[in-house]
Asker: 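Dropping a structure here in structure tokens format, bear with me for questions.
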2 protein chains.
Amino acid sequence: MARPQSRTAEARRSRHPDGRRRASHSMESVLTEAVALLDEAGAQALTFRALAQRLGGGVASIYWYVASKEELLDRATDHVIGTVLADIERLPALDDPIDDLRAMALTLFDAIVDRPWLGAYFMRETDVQGNSLRLYEKLGEPTLRLDLTARQRFHAVSAVVGVVVGSAVDLGQEPPQEVLDGAVNREDFLHRYAQAWRELDPAEFPFVHEIVDEFDGHDDVDQFRSALELTLTGLRLQAGTGTGA
Amino acid sequence: MARPQSRTAEARRSRHPDGRRRASHSMESVLTEAVALLDEAGAQALTFRALAQRLGGGVASIYWYVASKEELLDRATDHVIGTVLADIERLPALDDPIDDLRAMALTLFDAIVDRPWLGAYFMRETDVQGNSLRLYEKLGEPTLRLDLTARQRFHAVSAVVGVVVGSAVDLGQEPPQEVLDGAVNREDFLHRYAQAWRELDPAEFPFVHEIVDEFDGHDDVDQFRSALELTLTGLRLQAGTGTGA
DNA sequence: AGCTACGATAGAACAACGTTCGATACGACG
DNA sequence: CGTCGTATCGAACGTTGTTCTATCGTAGCT
């Protein structure tokens, strides 16, 4: 009934009399392999059977470490958020709080670009223990140096997180197999969409026509940076602290 | 092999010799019931078996109308986005393009508040036919009246959509059963979280302590409005068109 | 050393799901 | 009355998360 508390359990293997092995896991190895599975082939590739095979053990063994797939996902997410948090804490402190905020948000977004599946599960658990809350705290600390009310600070961080998540969800959209197979790369895929848009009636879709060239081959990071910049500008204006101009 | 093209197929019923019924669906009824299922019990409640039972027919019949669950989800989403689009088109045109943008974004967000499951699936298909692209067009049109480059317009709409989606994902988080059962309402749930936060070390979590009172019992719509306002102010500044001040 | 209690592993089975198959009913047209 | 295309349905298949029950291996005790 109890859960493994000692994380010092090393990955060791012992031999069974009849030659069959008995795998020996650890919370660390389970999480690491789960994340590897997610990284390599996306969310749908993470199944208990696939994970068990990767660990060289049985399916039911995983249930010794996690009570459900939900918990597995939560723990795996928290695991990588831990590394993001470390990246953010390594960031050099800047003079301008808003510059700090931007740097943190970009670090977070970069991590999601590397791991698109994060976009969907990120912010699922605001458990008291766990790295999400610590990340939230770190994102909020720069706002303490801005001239804002508590409510404005709360809303400001929510806004920044919202922009990150909003862009991340876009990113997390599983490409429709063709590009996963490598048969079509992302640029061609975008280009095909753009081409279809160009054939729409310009009178009925004036805006789509206006931006189709920008959409075609656009960079996700650029898109995110622009969105982030808009909220940061709004925030700077709200704080009344000019850029110096 | 063909798909139903005539949407005039009425919901009629005929009697089987042995007394068993044969249900008669239509694309409309399938989508309507699918949406009803989603509305009543969330995304996980929409299964082919549950939907078939609701339609009074067999499971396989649904496959006459949709080729997969993915397509069912896409069509259902598009179905309700159609109503959102209608709401947005009914909006009175305002003098200020940014006021238009705000009104549209709020209408969209309201729809997601009513249907939290929308947050996850919204923006899944940017198919050329379909209401998502039309919605995107409508959201973009106000930017045509702003003094911006095409790229800025593209990024502006992406930013607004990002804020909506970002807040929506927060909303779409399935409450952990307790509040679904009605045993605990949302306010108590938030309050419990807030209480846990208050017990954290203030030195380690200064920001969390600063905003915990705001978090406790906060309103999601307020949160969204604030986030939206930040990007809109940023946008207004970018367009160089002052509010009049 | 032998015994025991518990930490940890695993195969088999279960229920639910998306999906496919083959059979069959119905209405329209000849 | 037979035929064809539309539409429906029960049954089955494969995969998934999860549970049950049996077992192994080691640490700790006598």
Side-chain angles (χ1 to χ4, degrees), chain A residues 1-30 33-34 37-38 41-76, chain B residues 1-30 33-34 37-38 41-76:
Chain A
M1 201 56 86
R3 290 293 173 62
Q5 57 271 45
S6 103
R7 304 203 168 197
T8 60
E10 302 309 319
R12 66 223 118 101
R13 300 192 174 277
S14 50
R15 213 161 248 293
H16 208 250
D18 59 2
R20 280 206 312 248
R21 290 162 172 238
R22 278 178 77 83
S24 184
H25 315 318
S26 71
M27 181 65 84
E28 260 291 313
S29 66
V30 169
E33 294 304 316
L37 226 37
L38 287 168
Q44 64 176 357
L46 177 60
T47 68
F48 276 81
R49 282 166 179 86
L51 181 56
Q53 191 170 6
R54 228 186 146 97
L55 289 163
V59 199
S61 303
I62 306 173
Y63 280 89
W64 179 255
Y65 298 94
V66 293
S68 65
K69 183 162 190 184
E70 194 181 321
E71 188 182 323
L72 175 63
L73 243 3
D74 283 347
R75 285 193 126 99
Chain B
M1 204 51 91
R3 291 291 174 62
Q5 57 272 46
S6 103
R7 303 203 170 198
T8 61
E10 303 308 320
R12 67 225 118 100
R13 299 190 176 277
S14 50
R15 214 162 246 294
H16 207 249
D18 59 1
R20 282 205 312 248
R21 290 161 173 241
R22 278 178 77 83
S24 184
H25 314 319
S26 72
M27 181 66 83
E28 260 291 313
S29 66
V30 169
E33 293 305 314
L37 225 37
L38 287 167
Q44 64 176 0
L46 177 60
T47 69
F48 276 81
R49 283 167 179 87
L51 181 55
Q53 192 169 5
R54 228 186 145 98
L55 289 164
V59 201
S61 304
I62 305 173
Y63 281 89
W64 179 255
Y65 297 94
V66 294
S68 66
K69 182 164 190 183
E70 195 180 321
E71 188 183 324
L72 175 63
L73 244 4
D74 282 347
R75 285 192 125 98

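Everything quoted here is computed from the prediction, not taken from an experiment. Order of the sequence lines sets the chain letters (A, B, ...), proteins ahead of strands, with each chain counted from 1.
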Asker: With rounding to the nearest 0.5 angstrom, report the CD1 to NZ distance, B:Ile62 to B:Lys69.
Answerer: 10.5 Å
Asker: Once side chain to side chain contact (heavy atoms under 4.5 Å, CB included) is applied, do any residues pair with A:Gln53, and if so which ones, sequence neighbours excluded?
Answerer: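 Scan of A:Gln53 (side chain to side chain contact (heavy atoms under 4.5 Å, CB included), adjacent residues dropped) gives none.
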Asker: Taking all heavy atoms of B:Ala23 and all of B:His25, pick out the closest pair and write down the distance.
Answerer: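 It is CB-CE1, 3.4 Å.
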Asker: Describe, in one word, how the ring planes of B:Tyr63 and B:Phe48 are oriented to each other, choosing from parallel (under 30°), tilted (30 to 60°) and perpendicular (over 60°).
Answerer: parallel
Asker: Can you measure B:Gln53 atom CD to D:dC9 atom P for me and round it to whole angstrom units?
Answerer: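 After rounding, the reported distance stands at 13 Å.
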Asker: For the residue pair A:Leu51 and A:Ala34, what are the closest heavy atoms and their distance?
Answerer: CD1-N, 3.7 Å
Asker: Is there a side-chain polar atom (N or O) of B:Ser61 under 4.0 Å from OP1 or OP2 of D:dA7?
Answerer: no
Asker: With the side chain counted from C-beta on, respond yes when A:Val66 and A:Asp74 share a heavy-atom pair under 4.5 Å apart, and no when they do not.
Answerer: no
Asker: Grab the CG-P distance between A:Leu55 and C:dA8 for me, whole Å please.
Answerer: 15 Å
Asker: Is B:Trp64 close enough to D:dT8 that one of its side-chain N or O atoms is under 4.0 Å from OP1 or OP2 there?
Answerer: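 So the side chain of B:Trp64 is outside the cut-off, no N or O lying under 4.0 Å from OP1 or OP2 of D:dT8.
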Asker: What is the distance from CD1 of A:Ile62 to P of D:dT18, rounded to the nearest Å?
Answerer: 11 Å
Asker: C:dA10 phosphate, OP1 or OP2: any side-chain N/O from A:His25 under 4.0 angstrom?
Answerer: yes
Asker: Taking atom C1' of D:dG17 as reference, at what distance in whole Å does atom CG of A:Asp74 sit?
Answerer: 16 Å
Asker: Roughly, in whole Å, what's the span from CZ in B:Arg22 to P in D:dG10?
Answerer: 9 Å
Asker: Give me, pair by pair, the N or O atoms of the protein and of nucleotides 17-20 of chain C that are less than 3.5 Å apart, along with how far apart they are.
Answerer:
| unit_1 | atom_1 | unit_2 | atom_2 | d |
| --- | --- | --- | --- | --- |
| C:dG18 | OP1 | B:Lys69 | NZ | 2.5 |
| C:dG18 | OP2 | B:Phe48 | N | 3.0 |
| C:dG18 | N7 | B:Arg49 | NH1 | 2.9 |
| C:dG18 | O6 | B:Arg49 | NH2 | 2.7 |
| C:dT19 | OP2 | B:Tyr63 | OH | 3.1 |
| C:dT19 | OP2 | B:Lys69 | N | 2.7 |
| C:dT19 | O5' | B:Tyr63 | OH | 3.3 |

